[in-house]
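The structure appears below as structure tokens.
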Amino acid sequence: MDDLLLKGLDFAARINAATRKAGGAAAFARQHGLKPQAVRDAVALKVIGDDVAKALGLIKVLRYPVLAQANRLATGWEIQENLNSFIRRCGSQRAAAPEFGISEQHLSNILNGVRGFAPVLARLGYGPPVVRFALAKVAA
């Protein structure tokens, strides 16, 4: 799926073409049941809502730059696997938490999906997440 990810400029080209074809941002919004301001914000690349991406047949996905490998983006699954491996090497969550400068409870919340990966990314060798877009799967 990674080779099918679109960058922000690809999104911009798609939304510009779609709004132009519709007759403007307000017309595109009406056609898709969206708020006109949400479409204008997406055209300006200020805030791209999930609903606007969906209207273009896209979904937003987060990827994490691998600091040691230029142009490589990791999935959340890879982060989770590397975090689990790190904890196993440390021996326990209690031993691993100080390595990240967070409490054991905070680490537990990250592992259980209650909190995001931000506190552990740098130590695991990843940069802050970037947004990419993927083609939404069409149900047959």
Exercise. Given the rule in the side-chain contact (heavy atoms from CB on, under 4.5 Å) test, do Ile48 and Val131 qualify, once you have shown the distances and angles that lead to the verdict?
Worked result: CA-CA 10 Å; Ile48 301 169; Val131 175; over 6 Å; no
Exercise. Just by modelled atom types, is the Gly49 backbone N or O under 3.5 Å from a matching donor or acceptor in the Lys54 side chain?
Worked result: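 No, because the side chain of Lys54 does not come within donor-acceptor range (under 3.5 Å) of the backbone of Gly49.
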Exercise. Does Glu81 offer a backbone N or O that forms a donor-acceptor pair with the side chain of Ser85 under 3.5 Å?
Worked result: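 Yes, the answer is positive, given that a donor and an acceptor are paired below the 3.5 Å cut-off.
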pair [X]-[Y]: side-chain heavy atoms closer than 4.5 Å:
X: His106; Y: Pro119; result: yes
X: Leu83; Y: Leu107; result: yes
X: Leu73; Y: Val66; result: no
X: Pro65; Y: Val130; result: yes

Exercise. Under 4.5 Å between side-chain heavy atoms, hopping through other hydrophobics if needed: is there a path connecting Leu62 to Leu111?
Worked result: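 Yes, same cluster.
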For this session: Spell out, yes or no, whether Leu45 and Val43 are grouped together once hydrophobic residues are joined by side-chain heavy atoms under 4.5 Å, including indirect joins.
Result: yes
For this session: Could you verify whether a donor N or O on one side chain and an acceptor N or O on the other, from Gln105 and Asn109, lie under 3.5 Å apart?
Result: yes
Exercise. Going through the distances and angles, do Leu6 and Phe11 end up as a side-chain contact (heavy atoms from CB on, under 4.5 Å)?
Worked result: CA-CA 7 Å; Leu6 304 174; Phe11 176 86; 5.8 Å; no
Exercise. Where do Phe133 and Leu5 land on the side-chain contact (heavy atoms from CB on, under 4.5 Å) test, with the steps shown first?
Worked result: CA-CA 5 Å; Phe133 300 92; Leu5 295 180; over 6 Å; no
Minimum heavy-atom distance [X]-[Y], with the two atoms named:
X: Ala22; Y: Ala27; result: O-CB, 3.2 Å
X: Phe28; Y: Ala18; result: CE1-CB, 3.7 Å
X: Ala42; Y: Ile15; result: CB-CD1, 3.7 Å
X: Ala96; Y: Ile87; result: CB-CG1, 3.9 Å
X: Ala26; Y: Pro36; result: CA-CB, 4.3 Å

Nearest 0.5 angstrom please: [X] [atom1] to [Y] [atom2], how far?
X: Leu135; Y: Ile59; atom1: CG; atom2: CD1; value: 9.0 Å
X: Asp51; Y: Leu34; atom1: CG; atom2: CG; value: 5.0 Å
X: Phe100; Y: Leu121; atom1: CZ; atom2: CG; value: 9.5 Å
X: Glu78; Y: Thr75; atom1: CD; atom2: OG1; value: 4.0 Å
X: Arg40; Y: Lys35; atom1: CZ; atom2: NZ; value: 12.0 Å
X: Arg132; Y: Asp10; atom1: CZ; atom2: CG; value: 9.0 Å

Problem set entry | More than 12 heavy atoms from other groups under 6.0 Å of CZ on Arg72 |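 Yes, enclosed.
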Exercise. What about Tyr126 and Phe117, are their ring centers closer than 6.0 Å?
Worked result: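 Not close enough - the centres of the two rings lie 6.0 Å or further apart.
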For this session: With side-chain contact (heavy atoms from CB on, under 4.5 Å) as the test, would you mind laying out the steps for Val120 and Ile110 before giving the verdict?
Result: CA-CA 9 Å; Val120 301; Ile110 293 169; 4.0 Å; yes
